[in-house]
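This report concerns only the one structure given below.
Note: hydrogens, waters and symmetry copies are ignored here, and every other heavy atom, side chains too, is used.
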Amino acid sequence: MLHALLAAALASAPSAPEAPIAVIALDAASTPAAELVEMTHQLRAACRERAPAVQDVRDMRARLLGDRASSSLAELERAFAGALLTEAHGDAAAAARTLRGIVAELELGPESTDAFGLWTRAQLRLAHAELANGRAREYRDALERLADVNPAVRADPDQYSPSFRRELDAARARVAARPRHALRISAALPGAPGHANEAGQAKASSEPVAVFVDGRPVGAAPAALSVSGGKHRVGAAKGSLRVPTVTVEVGPDDVDVALDVALAAAVDVNAGPALALAATGRETAIVKLGAWLDAARVLTTSVAVDSGVTFLVGALYDVQRGSLLREGRVRTSAGLAAPEHLAALSSFLLTGQPSAAVLTAAPPGARRTLDLSATVAAPDRRSWMRPAALGSAAVALGAGALTVHQLFAARSAAADAEAMIRADGTIVGDSAVYARHRDAASAARRNVWIGATGTAVFAAAAGALGYLSWERGAPVVRF
């Protein structure tokens, strides 16, 4: 039984999800060459045949533009009007479902003053619908969420009752009583050393950098505000240029966030996407871009000319460690690489499998750590470790309980066997019964050792996974 428990626990232990991989093109020009863009698309397709976690172009574009919503703002406005009519006709439950969907979509879309205004109205109406549904806890949570994100919110006396407005005031007071922390936001503008080249600078307008926290406009960068502890979304816009929204953990310490507007200006979302950067600072920018895309690894493509021969260069970076994993190149002809060369390059970059068609700049598997002193905190790839740690702890407890049970069973069986022995060493009663008691005691002792070993192994695994999945707050986060 103990063997079966340990085997089942090992078989059911959560496995690490496949790490997302982003494929981007690199070019010093403001608009990458069409041949490079085409080869990047082809290499991405070849990589996807080996690693389904390779990110889709549309998904990357949506993340970089800060727009992962499936509905436009106009569509959400119409949906909100429909929810009001639904609630007015007495179906508060259906209205609440629609309003929750509107709120979720707005939190996935690009920040703007209009979007935040709609979010505030939808969240306020959601609280009212939850009240009509008799869902007191959801009603309270909706009000506190609203008061936390928008402390200045007020309920229209023509639409909301005095009791509802008093509850909103009470929620605002509860939120204000929570511990507060400073969130300071600055922006790295084009022209800073090691950032965007002239092409990237030209894309950024002279307008100030507008900062948004949890969708709420908080003014121009640099900005400082007091927020409650927990996770907060921080984004920015400079004219039509978007800086991808990131999530930061605030508390127990204050947090400084540096948004890289220069890098956002250097990204061409319509070309693969592609990065228009000079060689200086390029590697750090690649890691930052990988964090924006929530990718664990970034595969870059670029064109190099050596002794009159043109090559497609591929490089694979580990975002969390900030290291170059592998780099290889294949020959091109007439601006394109042969399909079999692209297949060989993708296989080498993803698996390290060598190929005669791939020239390596460094031995396979060689690592080169990048200087990330001014880069981004990598996306958390450790979320799978938390359930694994909890699962290992649960198995350790179960194995420990069975170990104790088997220990008592061994003692009981041994006592029963000893009770059948006379002082002269002869057996009282059936010798077969005595043998069964002895065998049972031996088997139980063996299970005690197995259970103790299993308990120690799973307890150690739980401790190690718990330590590795511990989120350490950094005093400064740069995006």
Side-chain angles (χ1 to χ4, degrees), residues 62-63 65-176 178 210-219 225 227-228 230-237 240 242 245 247:
R63 289 177 182 274
L65 292 175
D67 186 6
R68 289 184 285 165
S70 58
S71 304
S72 67
L73 186 59
E75 290 171 330
L76 294 175
E77 284 280 9
R78 290 193 291 270
F80 177 71
L84 295 181
L85 289 175
T86 301
E87 185 182 7
H89 284 86
D91 194 348
R97 287 194 297 271
T98 301
L99 291 165
R100 279 193 292 271
I102 293 171
V103 168
E105 283 286 284
L106 287 168
E107 291 177 354
L108 290 174
E111 298 97 339
S112 68
T113 301
D114 291 340
F116 185 68
L118 178 56
W119 183 92
T120 300
R121 287 182 282 131
Q123 187 71 17
L124 192 62
R125 206 66 206 179
L126 174 60
H128 189 272
E130 297 292 19
L131 174 63
N133 289 327
R135 291 157 55 93
R137 181 175 179 178
E138 288 75 7
Y139 167 52
R140 178 189 175 105
D141 289 347
L143 285 178
E144 290 186 358
R145 169 66 174 158
L146 178 61
D148 188 28
V149 174
N150 188 1
V153 64
R154 293 291 184 271
D156 187 346
D158 294 334
Q159 300 182 43
Y160 299 96
S161 66
S163 61
F164 182 91
R165 299 199 301 275
R166 285 194 298 271
E167 284 296 329
L168 178 58
D169 291 337
R172 189 182 295 105
R174 289 193 299 270
V175 169
R178 297 173 182 171
V211 177
F212 299 86
V213 175
D214 294 322
R216 174 168 65 101
V218 296
L225 63 156
V227 297
S228 59
K231 293 183 177 180
H232 295 271
R233 294 179 294 115
V234 180
S240 60
R242 307 291 311 188
T245 301
T247 300

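Using a distance-only test at 3.5 Å, with no hydrogens or angles considered, a donor-acceptor pair links the side chain of R216 to the main chain of V149. Put simply, the side chain of R172 gets close to the backbone of P151: a donor and an acceptor are under 3.5 Å apart. Between the side chain of N150 and the backbone N or O of L146 there is no donor-acceptor pair closer than 3.5 Å. In this structure, D156 contributes its side chain and D158 its backbone to a donor-acceptor pair below 3.5 Å. R242 places a side-chain N or O within donor-acceptor distance of the main-chain N or O of E111, the cut-off being under 3.5 Å. A donor-acceptor contact shorter than 3.5 Å links the side chain of E105 to the backbone of S70. At distances below 3.5 Å, not a single donor-acceptor pair connects side-chain atoms of D214 with backbone N or O atoms of H232.
Closest approach of G109 and D67 over heavy atoms only: CA-OD1, 3.9 Å. Between N133 and A92 the shortest heavy-atom distance is OD1-CB, 3.2 Å. Contact between A83 and A95 at its shortest, heavy atoms only, is O-CB, 3.6 Å. The two residues L76 and S71 come nearest to each other via the heavy atoms CD2-CB, 3.8 Å. Of all the heavy atoms in L124 and A155, the pair that sits closest is CD2-CA, 4.2 Å. The two residues A236 and F212 come nearest to each other via the heavy atoms CA-CD1, 4.4 Å.
Checked against side chain to side chain donor-acceptor pair (under 3.5 Å), R165 has no partners two or more places apart in sequence or in another chain. R233 is linked by a salt bridge (Lys or Arg N to Asp or Glu O under 4.0 Å) to nothing, counting only residues two or more places apart in sequence or in another chain.
Using a 4.5 Å heavy-atom threshold, the side chains of L168 and Y160 count as separate. Counting heavy atoms from C-beta on, the side chains of T86 and T98 never come closer than 4.5 Å. Side-chain contact between Q159 and L84 is absent, with no heavy atoms from C-beta onward closer than 4.5 Å.
Here CD of Q123 is found 8.5 Å from CG of L143. Values are rounded to the nearest 0.5 Å. In this structure, E107 CD and R68 CZ are separated by 11.5 Å, a value rounded to the nearest 0.5 Å. Rounding to the nearest 0.5 Å places CZ of R125 at 4.5 Å from CD of E87. The distance from the OG1 atom of T245 to the CG atom of L65 is 11.0 Å, given to the nearest 0.5 Å. With rounding to the nearest 0.5 Å, the separation of CZ in R166 from CG in D169 is 9.5 Å. Rounded to the nearest 0.5 Å, atoms CG (D148) and CZ (R178) are 5.5 Å apart.
Of the charged side-chain nitrogens involved, none lies within less than 4.0 Å of a carboxylate oxygen, so that E138 and R100 do not count as a salt-bridged pair. With salt bridges taken as basic N to acidic carboxylate O contacts below 4.0 Å, none links R140 and E130.
Between L106 and the options I102, L108, V103, a side chain to side chain contact (heavy atoms under 4.5 Å, CB included) holds for only I102.
Ring geometry, Y139 versus F164: the interplanar angle falls from 30° to 60°, so the pair is classed tilted.
Cation-pi geometry between R121 and F80 is satisfied (NZ or CZ under 6.0 Å from the ring centre, within 45° of the ring normal).
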